[in-house]
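Right, one structure below, let's go through it.
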Protein chains: 2
Amino acid sequence: MTRVLVVDDDPRLQRTLAIALRAHGHEVVTAGDGRTAVQSVLEDAPDVVILDLGLPDLDGTEVLRRLRTGSAVPVIVLSARHESDDKIEALDLGADDYVTKPFGVEELLARVRAALRRGGPQGQHLEPMTTDHFRLDFAERRATVAGADVRLTPTEWRLLEALCREPGHLVSQQDLLRAVWGPSYGRESNYLRVYANQLRRKLELDPANPRHLVTEPGLGYRFTP
Amino acid sequence: MTRVLVVDDDPRLQRTLAIALRAHGHEVVTAGDGRTAVQSVLEDAPDVVILDLGLPDLDGTEVLRRLRTGSAVPVIVLSARHESDDKIEALDLGADDYVTKPFGVEELLARVRAALRRGGPQGQHLEPMTTDHFRLDFAERRATVAGADVRLTPTEWRLLEALCREPGHLVSQQDLLRAVWGPSYGRESNYLRVYANQLRRKLELDPANPRHLVTEPGLGYRFTP
DNA sequence: CGGCCCCGTCAAGATCGCGTCAAGAGGCGT
DNA sequence: ACGCCTCTTGACGCGATCTTGACGGGGCCG
């Protein structure tokens with residue numbers, strides 16, 4: 001079951017979309033303004049967000065920006081305007097797709113399916129992972145290393161999740177960047193180096209000789225429990 | 001999943017295109033200059049290339065020429081100019097299609113689909129290969145010899161892949177050089193000697209008397225599992 | 001038997017990618 | 001408004017990897 005967050009200030013449209021989405025097997029949560037939307041992304045962990053620009057409380061681009069600092073969830077933007085300026089701005093900020101009103105429900109559903117294919121399931125949290133040295137509980141956002149609690153920042157958690165989705169397998173730099181920083185980041189591998197080391201410092205017994213988070217030069221990283 | 005290489009020096013346009021393409025189910029890799037583009041074609045094996053003329057380092061037609069000597073991937077050329085000279089020149093050099101800026105995203109997507117229909121998919125990874133002595137997993141970039149993990153460098157992997165594409169068959173020096181070092185390397189067989197031996201040292205039981213990686217003097221190498 | 005070609009080997013310099021650090025900006029809570 | 005935490009971004013050193021040239025040996029042919 002995939003979860004879709006619908007953000008729109010028009011209750012009519014909210015209901016229309018909700019019915020259509022549920023009819024196609026999606027679970028639906030709704031938000032009427034930007035702040036609620038940001039909160040819902042963090043709490044409900046939807047698999048995809050449908051975001052109407054032109055909300056009462058926040059600028060649409062501001063909502064996008066805030067979402068992006070806390071999650072890499074795919075976002076489909078709705079807009080009544082036709083100006084391509086908006087379009088480019090929204091896409092620059094990390095939207096995955098863009099639909100101008102009026103639109104057909106079928107079209108939107110197709111784009112939701114496309115976004116889900118791309119992003120993979122987000123909402124399902126991973127199983128807790130335990131080794132002799134540390135324990136990671138993704139649902140609770142709790143990390144214990146050598147018996148003591150360790151604080152991980154949101155970005156560190158997202159990187160860790162992307163790595164742990166396939167434990168022991170090589171994950172490419174591009175995949176990691178996309179999973180953590182959104183679809184717009186192709187090659188800026190400096191982020192990865194900084195945060196991979198941050199994770200090593202917090203999780204590894206000997207950060208200089210990592211046993212779990214291993215780098216594959218030129219390709220990506222591998223996380224083995 | 002089809003892979004599209006976007007070559008443009010404008011990061012904005014890069015991202016816009018990348019997002020639009022991903023929204024339609026394509027995987028995207030990007031390059032900001034000509035040299036990176038040529039390299040990416042060899043390494044990432046995209047199914048179609050979108051190439052902006054007017055790159056910082058190389059003339060657009062030069063990029064096309066280099067691509068064409070190493071790959072038959074379909075290329076869609078973007079250009080801000082309207083002069084038909086460029087158009088004819090580009091098409092002569094092997095571009096498959098030509099779009100002048102400004103263009104609609106939908107139009108470009110349609111041409112990408114058309115190019116994909118024409119070209120068909122290109123690259124994927126080889127199956128893991130196992131013998132009594134070693135095991136090679138190309139997708140995971142993992143090599144195990146006599147039970148122990150062995151690290152292979154990127155170049156070693158590329159050479160091994162070229163050899164294993166036709167196990168037990170003779171692969172000519174030219175083919176190997178082109179597959180690993182690119183289309184410009186016709187006869188620098190020194191590379192091959194160095195890396196073939198590197199591989200023997202890491203994979204063979206007795207590197208002095210190779211049983212798997214056999215050299216055919218004057219012709220090339222043969223890899224038998 | 002001698003010369004030649006081709007391969008294996010080695011080593012040194014150049015280059016690349018990664019780990020590391022730190023300064024600065026911006027958000028958030030107090 | 002202030003301070004703390006986090007994220008971003010650039011610079012730098014180091015080790016691994018790649019490149020390049022040189023040298024020696026073995027097989028083949030004249």
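- Between A:K202 atom NZ and D:dC5 atom C1' there is a gap of 10 Å when expressed in whole angstrom units.
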Would A:E216 and A:R222 count as a salt bridge (charged side-chain N to carboxylate O under 4.0 Å, His left out) if you check the C-alpha gap in whole Å, the side-chain angles of each, and the deciding distance to 0.1 Å? CA-CA 7 Å; A:E216 299 284 343; A:R222 182 198 308 276; 3.0 Å; yes
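- Between B:F134 and B:F223, the ring-plane angle classifies as tilted under the 30° and 60° cut-offs.
- The distance from atom CG of A:N197 to atom P of C:dC21 is 9 Å, rounded to the nearest whole Å.
- As a whole-Å value, the separation of B:R201 CZ from D:dT17 C1' is 14 Å.
- Rounding to whole angstrom units, CZ of residue A:R35 and P of C:dG27 are separated by 13 Å.
- The side chain of B:Q173 places no N or O atom within less than 4.0 Å of a non-bridging phosphate oxygen (OP1 or OP2) of C:dC6.
- A:L159 has its CG atom 16 Å from the P atom of D:dT6, to the nearest Å.
- When distances run from any side-chain atom of A:T215 to the nucleotides C:dT20, C:dT9, C:dC18, the shortest one goes to C:dC18.
- In this structure, the side chain of A:Q14 engages the main chain of A:D8 through a donor-acceptor pair within 3.5 Å.
- More than 12 non-hydrogen atoms from other residues, nucleotides or ligands lie less than 6.0 angstrom from CZ of B:R135.
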With B for base contact, S for sugar-phosphate-only contact and - for none (protein heavy atoms under 4.0 Å), nucleotides 18-28 of chain D reads BBBBB------
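- The CH2 atom of A:W157 sits 19 Å away from the P atom of D:dC5 (whole-angstrom rounding).
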As a quick check of understanding, evaluate side chain to side chain contact (heavy atoms under 4.5 Å, CB included) for B:Y191 and B:V180, giving each step before the final call. CA-CA 10 Å; B:Y191 292 167; B:V180 178; over 6 Å; no
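- Residue A:L199 contributes atom CG, which lies 16 Å from atom P of C:dC18 at whole-angstrom precision.
- Phosphate proximity of C:dT20 to A:R200: absent, as no side-chain N or O sits under 4.0 Å from OP1 or OP2.
- Using a 4.0 Å cut-off between charged side-chain N and carboxylate O, B:E156 and B:K202 make a salt bridge.
- C:dT20 atom P lies 11 Å from atom CD of A:Q198, rounded to whole Å.
- Close placement of the B:Y195 and B:W181 rings is indicated, their centers lying within 6.0 Å of each other.
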